[in-house]
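The next block holds one structure in the form of structure tokens; read it before the comments.
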Amino acid sequence: QVHVMESGGGLVQAGGSLRLSCTASGLILDVYAMAWFRQAPGKEREGVSCISWSGTTTDYADSVKGRFTISRNNAENTLYLQMNSLKPEDTAMYYCAADRTGYCSALWPIADFSYWGQGTQVTVSS
């Protein structure tokens, strides 16, 4: 049974930083492209960042470029999202997801991702 788990969310002031982590049981992540998505109340789920299976290719939403960094440690079966210079508009539930193709396709459609975690809440106060 596959279980994907995010951690690291919390409450932080604007300008602060958080580091999210994602790991999985029953699933070896090193052949999967991985991505972070987020969903704010009343809004659709949106892609934040994606990383290929090898970690050599990364992509970011324009809203987080220069502030967020996605990375992975395949030896530890873990995905990360370092979030700096956080803004109130970054407040959302953050989800990690796995794509069995191993690569991030254009715009990272949600349908490409087979496995999802339950999410971790990030709240940025002004």
_Any donor-acceptor pair under 3.5 Å from S49 side chain to D59 backbone_ = yes
*Cation-pi check, R72 onto Y80 ring (under 6.0 Å, within 45° of axis)*: no
*Distance in Å, Q13 CD paired with S125 OG, rounded so as to fall on 0.5 Å steps*: 5.0 Å
*Value rounded to 0.5 Å, distance of OH in Y115 from CG in L29*: 10.5 Å
*Any side-chain heavy-atom pair from R38 and V64 closer than 4.5 angstrom?*
yes
*asked:* Is it the case that the side chain of E6 and the backbone of G119 share a donor-acceptor pair, with hydrogens and angles ignored and the cut-off at 3.5 Å?
replied: yes
_Side-chain donor or acceptor of T123 paired with backbone N/O of L11 under 3.5 Å_ = no
*Okay, side chain of S114, backbone of D99: is any donor-acceptor separation there less than 3.5 Å?*
no
_Spacing of R19 atom CZ and N84 atom CG [to the nearest 0.5 Å]_ = 11.0 Å
*Quick one: CG on L79 to CG on L20, what's the gap to the nearest 0.5 Å?*
9.0 Å
*Charged N-O contact under 4.0 Å between R100 and D112*: no
_Run the side chain to side chain contact (heavy atoms under 4.5 Å, CB included) test on Y60 and V48 for me, step by step, so that the C-alpha distance in whole Å, both residues' side-chain angles and the decisive distance to 0.1 Å come before the verdict._
CA-CA 6 Å; Y60 297 90; V48 175; 5.9 Å; no
*Which pairs, with at least one residue in residues 79-116 and sequence neighbours excluded, count as a disulfide (SG to SG under 2.5 Å)?*
C22-C96, C50-C104
_Counting only heavy atoms from other residues, nucleotides and ligands, does the tally under 6.0 Å from CH2 of W53 exceed 12?_
no
*Go through the steps for E76 and T23 under the test side chain to side chain contact (heavy atoms under 4.5 Å, CB included), then give the verdict.*
CA-CA 8 Å; E76 296 184 354; T23 189; over 6 Å; no
*Please confirm whether F37 and W116 have ring centers closer than 6.0 angstrom.*
yes
*Go through the steps for Q118 and M93 under the test side chain to side chain contact (heavy atoms under 4.5 Å, CB included), then give the verdict.*
CA-CA 9 Å; Q118 293 299 305; M93 186 72 78; over 6 Å; no
*Side-chain heavy atoms under 4.5 angstrom apart, residues restricted to Ile, Leu, Val, Met, Phe, Trp, Tyr: same cluster for Y95 and V124?*
no
_Close side-chain approach of S25 and M5, heavy atoms under 4.5 Å_ = yes
*Contact check, side chains of I110 and R45, non-hydrogen atoms, under 4.5 Å*: yes
*asked:* I'd like to know if the side chain of N73 pairs up with that of T78 as donor and acceptor (distance under 3.5 Å, no hydrogens or angles considered).
replied: no
*Decide if atom CD of E89 counts as having more than 12 heavy atoms of other residues, nucleotides or ligands within a radius under 6.0 Å.*
yes
*Is it true that Y32 and F113 have ring centroids separated by less than 6.0 Å?*
no
*How many angstroms lie between atom CD of E46 and atom CH2 of W36, to the nearest 0.5 angstrom?*
14.5 Å
*Side chains of R67 and D90: closer than 4.5 Å at any heavy-atom pair?*
yes
*asked:* Once rounded to the nearest 0.5 Å, what's the spacing between atom OG1 of T120 and atom CG of L81?
replied: 11.0 Å
*Does a salt bridge link K65 with D62, judged by any charged N lying under 4.0 Å from a carboxylate O?*
yes
*Are any side-chain N or O atoms of N77 and backbone N or O atoms of N74, one a donor and one an acceptor, separated by less than 3.5 Å?*
no
